[in-house]
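Chain letters run A, B, ... following the sequence lines, proteins first, then strands; residues in each count from 1. Note that these values count all heavy atoms, side chains included, but never hydrogens, waters or copies made by symmetry. Predicted, not measured: the structure shown is a model, and the values here were computed from it.
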Amino acid sequence: MRIGELAERTGASPRLLRYYEQHGLITAERSPNGYRHFGEDDVARVGRVRDLLEAGIPIKIIKLILPCLSGGEDIHFPVPDPGLLAQLEEQRDRMTRKAECVLKNRDAIAAYLDRVRGPAEPARD
DNA sequence: CTTCTGACA
DNA sequence: TGTCAGTA
C-alpha cells in the first residue's frame, strides 16, 4: 500500500510516516515512480512506534528495541549487548521517574477535585 | 489526483 | 508537524 493508505489505517499523517522512515523507525520499498510502498505488517509496526513514542521513549531507544519486538508487546534479546543494556537501564530509570511524576500530579489533581467538587462525586480515576 | 523532496513558520 | 512549491 502507498503512504496515503498507511496513514489512514494508522492515524499518522503521511508527513509523520516519512519522518519515521527518515529516522529508521520504519522501512519502505520504492516503486519506479519513487512512491513509498508498505506492507500489511507496517500497520502494526507503526502502531508500536506510536505507542513507544507516546510513552516518551526517544527515537534513538526505539530504534534499539524495535527489532526486538516479536509481533506482540513482549521484548526479547537473544544476545544481550552490554552497551544496549546500559542504555535500556538508563531509559528504564527515566521512565520510572516520569511515572512517579505523573502519579504525583494525578493525585494532586484528584485531591483538588475532591475539595472543589466535594467527595460526593465519584467519576474519577 | 497522489506522492516526493526540501524548506519555512 | 503542517503546509507550500514544483514535479513525476
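- What separates CG of A:L16 from P of B:dC4 is a distance of 14 Å, to the nearest Å.
- Salt bridge A:E90/A:R94: present, at least one basic N to carboxylate O contact under 4.0 Å.
- Between A:R36 and B:dC4 there is a side-chain polar atom (N or O) within less than 4.0 angstrom of OP1 or OP2.
- Between A:L25 and A:K63 there is a side-chain heavy-atom pair separated by less than 4.5 Å.
- For a distance-only test at 3.5 Å, the side chain of A:Y19 fails to qualify as a donor-acceptor partner of the base of C:dT1.
- Taking side-chain N and O atoms only, A:R15 has no distance below 4.0 Å to OP1 or OP2 of B:dG6.
- Closest to the side chain of A:Y20, from the set B:dC4, C:dT1, B:dT2, is C:dT1.
- Taking atom CG of A:L6 as the reference point, atom P of B:dT3 lies 11 Å away to the nearest angstrom.
- Across all strands shown, C:dT7 remains unpaired; no Watson-Crick or G-U wobble contact has both distances below 3.5 Å.
- In this structure, B:dT3 forms no base pair with any nucleotide, since neither Watson-Crick nor G-U wobble geometry is met with both distances under 3.5 Å.
- The separation between A:E21 atom CD and B:dT5 atom C1' is 12 Å, rounded to whole Å.
- With respect to the salt-bridge test (charged N to carboxylate O, under 4.0 angstrom), the residues A:R9 and A:E40 qualify.
- The residue among A:Y35 and A:R30 whose nearest nucleotide of DNA chain B lies closer to the 5′ end is A:Y35.
- The distance from atom CG of A:L17 to atom P of C:dT3 is 15 Å, rounded to the nearest whole Å.
- Residue A:R18 has a polar side-chain atom (N or O) positioned under 4.0 Å from OP1 or OP2 of B:dC4.
- Atom pair A:F38:CZ and B:dT3:P shows a separation of 10 Å (rounding to whole Å applied).
- Here the straight-line distance linking atom CD1 of A:I62 with atom OH of A:Y20 works out to 8.0 Å at 0.5 Å rounding.
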